[in-house]
Amino acid sequence: MRGRSLRTRISVGIAAPAIGILVLSCVTIYSWVSAREMGHLDRSLEMRAAAMASLVDLDGGIWDVEFDRADVPVVELFGALSAYEVRVAANGGLIAQRRLDEPGLFDDLPPDPLAALSPERLAALPSDRPLELSGSVQTVELESGRSFRTWTGVYLVRAHEGDPGEGARMPVGAPSGPAAPVVRIAVAQDLAPIRGELAALLGTELATGVALSVLALLAGGVLSRRIVAPIEHIARRAAEVRAPSAVPPLTLAGTGDEIDQLAEALNQSYLRLHAAYALQGRFTADASHELRTPLAVIRSNAELALRQPRPTYEYEAVLAAVVSGAVRIEGVIEGLLLLARADAGGQEGARERIDLPALAAEVLDDLQPVGLGPSLRVEGEEDAAVFGDAVQLDVLLRNLLTNAIRHTPASGEVVVHVDTTDTSVILEVRDTGEGIPPDALPHVFDRFFRADEARSRDAGGAGLGLSIVQAVVLQHGGTIDIESAHDRGTVVRVRFPRAAAPMTRKEVG
């Protein structure tokens, strides 16, 4: 199943947050405007109800409503109210009203607030001005589908005693009981205008949101195309590569950004592949040559011996040459197998505690009778043990010492020096031979490499010795380095992890 392309994911990643922020902004603006308009309407209704309360009083036991007359411009006083009514709070008697054609607007009145007021508290309230005792706001949905915002307030209004015709109206204390000057004033305003404005705002937001969302998607597409285009170019160029080349296949833009870093990393990978490819080709050619030469010797000697009967000593010479060639082939194959196992992370041999100076002395004893070569000796620490494979360590010492003996004149010497630290065993093979040329030193661990190509293969070996040494060192967790000076000798330094000292019988007990 093919997933979404990188370009699609980038486009969505750019556009989705922008659209999300846009939607959140629209919702926030709509909610804020809606709350603000409704808040303004609620305060306006409360102020209108309070203005009505200021025009209502109880005069000599008779309710006087100064605005509920034909000659009073109610709209100018209180704005375009859809409906209102004024009732006596104590008994619900109607004082003034403007109703709608459909019922149900003021059916749900709040409870009588006088029940919660003690006579003492009621008597302490001022009666010369309207006083809001309680108020509530609600939205009423009528059966016709019309919506109204209502404010219902309970007010203590002015009360007077005396003859209305005398002209003087003296305020008195608020009476208790049914004569208390408390009224319920309910006002209503149609929500259609506000909802129309909010619908227009919502339509504007939707149109703007759709336009900006399309722009966000287009911008995301353009940006994703610009971002992905260099990656697609890299993918095409990588697909065009058929074989490793010494020329990097990718061209850097020179910006130093992540795309340039990716291209540079791929170029380096291609160069490493080219080097490995070239090394493999050279390795195959050298291995073929190394095996072809002794095989040719074996075949030619065998064919020569078969052409005609020969004396016994000649057959013995031919067999000796065949055995020598077979030994040479066996050595090359064993070296290649060891290197192949090392490259593949092959199985390690049995690990045990090895006394490195003692093993070096044994190898020197085996190599000393080879000829009248340089003097050989072991020096340094006697207790220097490592934890490793005895067979592989023997191969390591034999290769190092064979190389040193081969390149050191008979008047020189080869010294195996062993030293220790708290955590390491340091093995040095020093010789006073011809040394390694400086230009060849970086390549001494390359397989089938010879510092002197003119040297015969019989005298110079197959060129696998130091490669095998390096593989053994790495398998034992060590490090190796070489110092050499022309005509002054070579020092090969190997550092192994030091094996822990064995416990004594007393410690074991």
Side-chain angles (χ1 to χ4, degrees), residues 1-42 137-139 141 145-147 149 191-277 280 344-345:
M1 180 178 178
R2 183 178 180 182
R4 293 183 300 171
S5 68
L6 178 60
R7 180 178 296 178
T8 301
R9 294 199 297 270
I10 293 176
S11 298
V12 173
I14 294 174
I19 294 175
I21 294 173
L22 180 62
V23 170
L24 181 61
S25 300
C26 291
V27 171
T28 302
I29 292 173
Y30 182 86
S31 301
W32 177 77
V33 172
S34 176
R36 185 192 65 176
E37 293 297 321
M38 295 301 290
H40 287 170
L41 178 58
D42 292 343
V137 66
Q138 62 181 341
T139 299
E141 303 286 345
R146 299 176 67 187
S147 301
R149 191 73 168 176
L191 289 177
I194 293 179
R195 290 189 173 179
E197 293 177 0
L198 293 176
L201 174 63
L202 182 60
T204 302
E205 287 186 335
L206 287 175
T208 305
V210 170
L212 293 179
S213 297
V214 172
L215 289 177
L217 289 172
L218 292 176
V222 172
L223 290 176
S224 65
R225 189 176 298 109
R226 295 188 61 182
I227 292 172
V228 175
I231 300 177
E232 292 176 339
H233 172 71
I234 291 174
R236 287 193 301 269
R237 290 290 296 124
E240 293 171 359
V241 175
R242 293 293 179 263
S245 171
V247 179
L250 302 176
T251 303
L252 303 183
T255 59
D257 57 8
E258 288 79 359
I259 302 298
D260 260 11
Q261 294 174 16
L262 174 62
E264 178 63 22
L266 289 175
N267 280 338
Q268 294 300 322
S269 297
Y270 278 115
L271 293 177
R272 287 193 295 270
L273 284 174
H274 170 68
Y277 187 79
Q280 181 183 14

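The distance from atom CG of Leu212 to atom CD1 of Ile21, rounded to the nearest 0.5 Å, is 12.0 Å. How far CD1 of Ile19 is from CG of Leu24: 13.5 Å, rounded to the nearest 0.5 Å. The distance from the CZ atom of Arg225 to the OG atom of Ser11 is 7.5 Å, given to the nearest 0.5 Å. Rounded to the nearest 0.5 angstrom, Gln138 CD and Arg149 CZ are separated by 9.0 Å. Taking OG of Ser34 as the reference point, atom CD of Glu197 lies at 11.0 Å (rounded to 0.5 Å). Within the model, atoms CG of Leu206 and OG of Ser213 stand 10.0 Å from one another, a figure rounded to the nearest 0.5 Å.
Around atom CZ of Arg226, no more than 12 heavy atoms belonging to other residues, nucleotides or ligands sit under 6.0 Å away.
For the pair Ala216 and Ala18, the tightest heavy-atom approach, listed with the atom from each and the gap, is CB-CB, 4.1 Å. Looking at every heavy atom in both residues, Leu198 comes nearest to Tyr30 through O-CE1, 3.4 Å.
Counting only distance, with no hydrogens or angles, the side chain of Thr208 and the backbone of Thr204 share a donor-acceptor pair below 3.5 Å.
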For the pair Glu205 and Val27, evaluate side-chain contact (heavy atoms from CB on, under 4.5 Å) and give the outcome as yes or no after the intermediate values. CA-CA 9 Å; Glu205 287 186 335; Val27 171; over 6 Å; no

Passes side-chain contact (heavy atoms from CB on, under 4.5 Å), Val137 versus Leu41? Steps please. CA-CA 10 Å; Val137 66; Leu41 178 58; over 6 Å; no

